[in-house]
Amino acid sequence: QLRLVESGGGLVQPGGSLRLSCVASGGILDDYTVTWFRQAPGKEREGVSCLDLTDDAQNYADSVKGRFTISRGGAKNRVHLQMNSLKPDDTAVYYCAAEREPHYYCSAWPPRGADYGSWGQGTQVTVAS
C-alpha cells in the first residue's frame, strides 16, 4: 500500500511563495499519476495540479496556471508543488493523491478524488496579511 506524507504548508502573506512536498513510501512513485487537491472550508475539494510520472505530463487548474508548478523531486518518490504569487483564495488544506491502476491521464481534467486510492493527511496553507 502506497503511503503519502505532505509537508511544506504554513502561513504566508499574499504574494508570497511556498513549496509543498509529497513523499511516498511502500511503492515506486514513478508508476503513478500524482495529483494535488485542495479543500477550503465550506468548499468542495478541487484538483490543483497533476503530474503523470510515467511520461511527465502535467495539468493545472485555471486558477493556478502560471503561479503553481508541479515537479518531480530530486530524490526519488517525491513530488513538489511550487506555489508562487499566493492569494487569500489559495487558503486550503492541500492533499497529494496517487493512483496507478487504472492509470489516470492528466489530460482528463478536472480530476476526481474518488479515482485516487492513496492519499496523504494534508497540509494547511494559509494566505493572509
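The backbone N or O of Q121 lies less than 3.5 Å from a partner atom in the side chain of E6, making a donor-acceptor pair. Judged by distance alone, the side chain of S49 and the main-chain N or O of N59 form a donor-acceptor pair under 3.5 Å. For T91 (side chain) and V127 (main-chain N/O), a donor-acceptor pair under 3.5 Å exists by modelled atom type. Of the possible polar contacts, none joining the D52 side chain to the A57 backbone as a donor-acceptor pair under 3.5 Å is found.
More than 12 non-hydrogen atoms from other residues, nucleotides or ligands lie less than 6.0 angstrom from CG of L11. The number of heavy-atom neighbours closer than 6.0 Å to CZ of R78, taken from other residues, nucleotides and ligands shown, is 12 or below.
For the pair T69 and H80, the minimum side-chain heavy-atom distance is 4.5 Å or more. Counting only heavy atoms from C-beta outward, the side chains of D89 and S63 never approach each other to under 4.5 Å. Within the 4.5 Å cutoff, the side chain of S17 has heavy atoms near those of the Q82 side chain. Contact check for L2 versus L29: side-chain heavy atoms found under the 4.5 Å cut-off. The shortest distance between side-chain heavy atoms of M83 and V64 does not fall below 4.5 Å. The shortest side-chain heavy-atom distance between W109 and C50 falls under the 4.5 Å cut-off. S25 has its side chain within reach of R3: a pair of non-hydrogen atoms, C-beta onward, lies under 4.5 Å apart.
Salt bridge present: K65 and D62 bring a charged side-chain N and a carboxylate O closer than 4.0 Å.
Between the NZ atom in K76 and the CG atom in L53 there is a gap of 9.5 Å [rounded to 0.5 Å].
Judged as a ring-ring contact (aromatic ring centres under 6.0 Å, His included), and not counting sequence neighbours, Y32 has no contacts. Legend: residues meeting side chain to side chain donor-acceptor pair (under 3.5 Å) with K43, ordered by chain and number and at least two apart, are absent. Every residue was checked against the ring-ring contact (aromatic ring centres under 6.0 Å, His included) condition with Y60, not counting sequence neighbours, and none meets it.
In this structure, V93 is not a member of the same hydrophobic cluster as L18, with clusters built from ILVMFWY side-chain heavy atoms closer than 4.5 Å. Put simply, V48 and F37 are part of two different groups of oily side chains (I, L, V, M, F, W, Y) that touch within less than 4.5 Å, one to the next.
Between H103 and T33, the shortest heavy-atom distance links the atoms CE1-OG1, 3.4 Å.
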